[in-house]
Asker: 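Before we start, here is the structure in question, set down as structure tokens.
We use all heavy atoms of the structure for the numbers below, so side chains are in, but hydrogens, waters and symmetry mates are not. We count ligands from 1, going down the list as the structure has it; atoms in each ligand are counted the same way.
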Amino acid sequence: MTTEGITRRHTLTGAAVLGVGVPFLAACGGGDDSSAVDGGAATKSGAELGPTSDVPVGGGKIYGDQKIVVTQPTAGDFKAFSAVCTHQSCLVTQVANDTIDCACHGSKFSADDGSVVTGPATSALAEVAITVDGDTITTG
Ligand code: FES
């Protein structure tokens with residue numbers, strides 16, 4: 001066998017590995033989550049979210065358009081976080097049992113401080129500033 005043959009075989013082997021590897025990498029690229037959203041909360045300060053009555057005590061409400069989730073861990077204590085999951089940027093889907101949940105891969109975040117309760121997410125939801133004026137919740 002000539003060195004040309006070895007070189008050619010190695011080249012073909014490399015191409016075969018690359019041919020197998022590229023689709024695998026494409027499948028792991030995170031493009032399979034159709035509910036993934038871009039960026040974090042993008043609502044400008046002073047935007048009205050809604051009435052406080054929309055946010056149950058011990059629960060919360062997800063404002064999808066604004067990408068903000070507001071919780072009320074205890075009566076009159078409102079908290080707000082980015083509704084964009086820190087794992088792969090899906091919008092969180094519910095607030096239940098003191099957690100903010102992402103259905104994409106099962107991450108759960110504390111409704112009290114946004115910290116990770118259950119992975120795969122490793123970073124807390126970013127806190128968002130809100131103002132409660134009477135019965136109205138606004139950003140900022
Ligand atoms: S995007 Fe993966 S758990 Fe939320």
Asker: Can you list the ligand 1 atoms lying under 4.0 Å from a non-hydrogen atom of Ser107?
Answerer: 3 (S)
Asker: Can you confirm whether the side chains of Ser110 and Asp112 place a donor and an acceptor under 3.5 Å from each other?
Answerer: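 There is no such pair between these side chains.
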Asker: May I ask you to list the atoms of ligand 1 that are less than 4.0 angstrom from any heavy atom of Cys102?
Answerer: 1 (S), 3 (S), 4 (Fe)
Asker: Do side-chain atoms of Thr99 reach the backbone of Lys108 as a donor and acceptor pair under 3.5 angstrom?
Answerer: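 Answer holds: no.
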Asker: Taking side-chain hydrogen bond (donor to acceptor under 3.5 Å, both in side chains) as the test, write out the residues that go with Lys61, two or more places apart.
Answerer: none
Asker: Could you list the atoms of ligand 1 found under 4.0 angstrom from a heavy atom of Cys85?
Answerer: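 Heavy-atom distances to Cys85 below 4.0 Å select 1 (S), 3 (S), 4 (Fe).
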Asker: Check Cys104 against Cys90 for me: are their SG atoms closer than 2.5 Å?
Answerer: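 Yes, the SG atoms sit under 2.5 Å apart.
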Asker: By side-chain hydrogen bond (donor to acceptor under 3.5 Å, both in side chains), which residues pair with Ser115, not counting sequence neighbours?
Answerer: Asp113
Asker: Just to confirm my numbers, could you give the angle made at atom 2 (Fe) of ligand 1 by ND1 of His87 and ND1 of His105, rounded to 10°?
Answerer: 100°
Asker: Could you tell me whether atom 2 (Fe) of ligand 1 has an N, O or S atom of Cys104 under 2.8 Å away?
Answerer: no
Asker: Show the atoms of ligand 1 that are less than 4.0 angstrom away from any heavy atom in Cys90.
Answerer: 1 (S)
